[in-house]
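Remarks on the structure that follows.
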Number of protein chains: 2
Amino acid sequence: MKRNLSRETRMALEPRKQPRQERSSKVVDRILDAALTLTREQGTKTPTTLAIAQRAGLSVGSLYQYFPNKEAILLDLARRWLSSFPEVIARRIEVTPPTNRDEFRQEVRKLFIDTSKIYLENATLMPVIEAISGNADLRPIQDEYDEQIIALYAAWLQHVNPALEDKIASRLGVLMMDVGHACRLVGLKRDRKTYDLIEDDVERMWLALVTPYLNLD
Amino acid sequence: MKRNLSRETRMALEPRKQPRQERSSKVVDRILDAALTLTREQGTKTPTTLAIAQRAGLSVGSLYQYFPNKEAILLDLARRWLSSFPEVIARRIEVTPPTNRDEFRQEVRKLFIDTSKIYLENATLMPVIEAISGNADLRPIQDEYDEQIIALYAAWLQHVNPALEDKIASRLGVLMMDVGHACRLVGLKRDRKTYDLIEDDVERMWLALVTPYLNLD
DNA sequence: AAAGAATGCGACTAATTATTCGCGTTTGTC
DNA sequence: GACAAACGCGAATAATTAGTCGCATTCTTT
């Protein structure tokens with residue numbers, strides 16, 4: 001039975017039940033591991049329930065003990081990543097805003113380093129993120145997170161320059177996110193040295209993007 | 001019957017036969033129109049053959065008179081877009097290379113304007129492009145085009161600065177393409193005024209990305 | 001060790017959808 | 001206007017896959 005995720009099930013992406021016995025929490029881990037490995041192997045295509053079960057050494061039925069549907073498995077993998085973004089950006093808004101060009105440059109750099117760290121720490125998850133973006137059912141959920149992240153980038157910009165108009169802040173926010181994301185995905189597929197070079201590239205681009213809008217002397 | 005596009009059919013994405021009678025070339029147009037409209041309506045998800053046929057006022061069977069499979073329809077829509085990129089970049093390599101910072105800035109601007117034009121002229125196709133990227137079967141084909149485009153960006157960079165190492169050129173090429181693509185997709189979803197502002201943003205970013213690697217006085 | 005709860009199983013169901021094929025209809029040609 | 005080729009049709013086929021359900025096994029508790 002093909003489900004209509006968009007309707008009822010969207011509400012039900014939470015784990016179906018908590019594992020009560022020790023063996024079963026290991027099972028949950030095995031399911032998540034299998035889903036991750038398969039997604040990495042297959043590139044964009046999301047793995048089938050059967051494939052996940054087999055790779056985890058389980059039967060399909062067991063999947064549904066802990067997850068209400070296939071999407072929930074992938075989403076579980078992505079959630080930590082998706083939610084660490086808002087946290088990190090929010091933390092960069094708490095500090096006192098910069099007052100001159102040099103301090104400002106420093107603030108960009110800090111935000112930049114912090115976000116980069118998220119990508120490096122979650123490098124193995126990237127194929128899942130890409131798969132989610134390419135999946136018609138999961139895309140909307142990621143979009144919700146993206147909205148949040150954009151809003152926070154915009155808030156950060158207005159924190160750095162309180163005079164910045166909302167409209168401009170949100171436009172620059174989107175671009176910061178998308179440019180950062182696109183470039184870092186490229187970077188993570190290359191070797192570490194290239195990743196670092198791309199990081200420098202992104203930093204220059206961010207600065208070029210944002211500087212004209214921060215009328216600092 | 002679900003087909004295995006990746007194997008045999010990949011070779012057979014060409015139209016199955018040329019329309020011989022007048023009515024039928026109109027049919028081909030109707031099919032393409034329907035596919036385009038539906039893709040635009042549905043966002044990421046590619047339309048089903050039945051939906052395309054119905055929207056075109058045809059039966060499924062008629063689709064297969066002219067297209068070997070569903071993918072070929074979408075690809076037909078995307079092809080003009082995909083192939084106009086190489087043309088445009090190649091044309092920018094034919095001119096005499098710039099010799100000073102100002103001429104160089106001009107060259108970036110020209111490449112930039114030309115590529116922007118492709119996006120504006122094909123704005124209605126963008127949902128198809130996005131759908132193709134999200135489709136496991138079609139992605140590889142787009143990737144081939146992307147390779148080509150990246151190589152041309154790299155060639156352009158080396159045309160502008162012949163001393164530029166291959167490795168650096170190809171890295172910057174990828175980033176130019178991806179940054180341009182990501183930002184312009186955002187731009188086309190906004191109003192024209194915002195699109196133009198984003199264009200300025202992209203130009204600044206391109207310049208910031210590329211300038212350090214072009215040791216001009 | 002026995003009961004009952006939790007977990008695991010996998011054949012089965014059912015939805016979805018790409019593609020085919022034989023037949024009826026339209027069109028172009030002489 | 002007759003003949004053949006081209007076109008159009010849509011029911012039927014077949015592949016794929018998400019999710020269920022009743023039974024089997026394992027664990028926990030007393």
Side-chain angles (χ1 to χ4, degrees), chain A residues 1-10 12-13 15-31 34-35 38-39 42 45-75 131 135-138, chain B residues 1-10 12-13 15-31 34-35 38-39 42 45-75 131 135-138:
Chain A
M1 194 220 299
K2 283 262 166 90
R3 78 278 98 106
N4 196 334
L5 187 67
S6 330
R7 263 193 283 292
E8 312 91 79
T9 333
R10 269 249 346 235
L13 289 163
R16 184 164 275 185
K17 68 176 159 190
Q18 293 300 321
R20 302 280 162 90
Q21 300 179 356
E22 200 203 349
R23 62 172 164 164
S24 66
S25 56
K26 276 184 193 158
V27 164
V28 171
D29 287 346
R30 271 196 291 161
I31 294 170
L38 285 167
T39 308
Q42 300 186 3
K45 201 177 277 175
T46 57
T48 67
T49 50
L50 184 67
I52 295 173
Q54 282 182 338
R55 181 62 68 97
L58 295 165
S59 75
V60 243
S62 301
L63 262 49
Y64 290 87
Q65 289 282 335
Y66 306 104
F67 298 96
N69 52 54
K70 196 182 77 165
E71 279 68 28
I73 299 174
L74 291 182
L75 211 57
N135 178 303
D137 288 322
L138 289 169
Chain B
M1 194 218 301
K2 280 262 167 90
R3 77 280 100 107
N4 197 334
L5 187 67
S6 330
R7 262 191 284 290
E8 313 92 80
T9 332
R10 270 264 321 253
L13 288 163
R16 183 164 274 185
K17 68 175 159 191
Q18 293 300 323
R20 302 281 162 91
Q21 300 179 355
E22 201 204 348
R23 61 172 165 168
S24 66
S25 57
K26 276 184 193 158
V27 164
V28 170
D29 287 346
R30 271 197 290 163
I31 293 170
L38 284 167
T39 309
Q42 300 185 4
K45 201 177 278 175
T46 57
T48 67
T49 50
L50 185 68
I52 295 173
Q54 284 182 339
R55 181 61 68 97
L58 295 164
S59 77
V60 247
S62 301
L63 261 49
Y64 290 87
Q65 288 283 336
Y66 305 104
F67 297 96
N69 53 54
K70 194 182 77 166
E71 280 67 28
I73 300 175
L74 292 181
L75 210 58
N135 179 303
D137 288 322
L138 289 170

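Reminder, nothing fancy here: chain letters follow the sequence lines and each chain counts from 1.
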Provide, to the nearest angstrom, the distance between the CD atom belonging to B:E71 and the C1' atom belonging to C:dT19. 12 Å
Atom-pair distance (CG on B:L74; P on C:dT17), nearest Å: 14 Å
The helix from C:dA1-D:dT30 to C:dC30-D:dG1: angle between end helix axes, five pairs per end, rounded to 10 degrees: 10°
Write out all pairs satisfying salt bridge (charged side-chain N to carboxylate O under 4.0 Å, His left out) with one or both partners inside residues 52-69 of chain A, taking only residues at least two apart or from two chains. A:E41-A:R55
Using the test side chain to side chain donor-acceptor pair (under 3.5 Å), find all partners of B:T46 that sit at least two apart in sequence or belong to another chain. B:K70
Rounded off to whole Å, could you give me the CD-to-C1' distance for the B:Q65 and D:dA5 pair? 12 Å
Applying side-chain contact (heavy atoms from CB on, under 4.5 Å), name anything that partners A:A56, two or more places apart in sequence or on another chain. A:R30, A:A34, A:L58
Per the under-4.0 Å heavy-atom filter, residues of residues 48-59 of chain A near DNA chain C come out as A:L58, A:S59
Heavy-atom nearest pair, B:I31 first then B:I52, reads O-CG2, 3.9 Å
Between C:dT19, D:dG8, D:dG19, which one does the side chain of A:N69 approach most closely? D:dG19
Expressed in angstrom and rounded to an integer, what is the separation of B:Y66 atom OH from D:dG8 atom P? 4 Å
What salt bridge (charged side-chain N to carboxylate O under 4.0 Å, His left out) pairs are there with at least one residue in residues 57-66 of chain A, not counting sequence neighbours? none
Taking only residues two or more places apart in sequence, or in another chain, which ones meet B:Q42 in a side-chain contact (heavy atoms from CB on, under 4.5 Å)? B:L38, B:K45, B:P47
Going from CG on A:L74 to CZ on A:F67, what distance comes out if it is rounded to the nearest 0.5 angstrom? 9.5 Å
Between B:S62 and D:dC7, does any side-chain N or O lie under 4.0 Å from OP1 or OP2? no
Take atom CG of A:N135 and atom P of D:dA18, then tell me their distance rounded to the nearest Å. 10 Å
If you take all heavy atoms of A:N135 and A:D137, which pair is closest and at what distance? OD1-N, 2.6 Å
Let's see if you can work this out: which of D:dG8, D:dA18, C:dA18 has an atom nearest to the side-chain heavy atoms of B:Y64? C:dA18
Nearest-Å distance for atom pair CG/P, residues B:L63 and D:dC9: 10 Å
Can you list the residues that meet the side chain to side chain donor-acceptor pair (under 3.5 Å) rule with B:S62, with sequence neighbours excluded? none
Rounded to whole Å, CZ of A:R30 lies from C1' of C:dG8 at a distance of 10 Å
Round to the nearest Å and state the distance from A:D137 atom CG to D:dT17 atom P. 15 Å
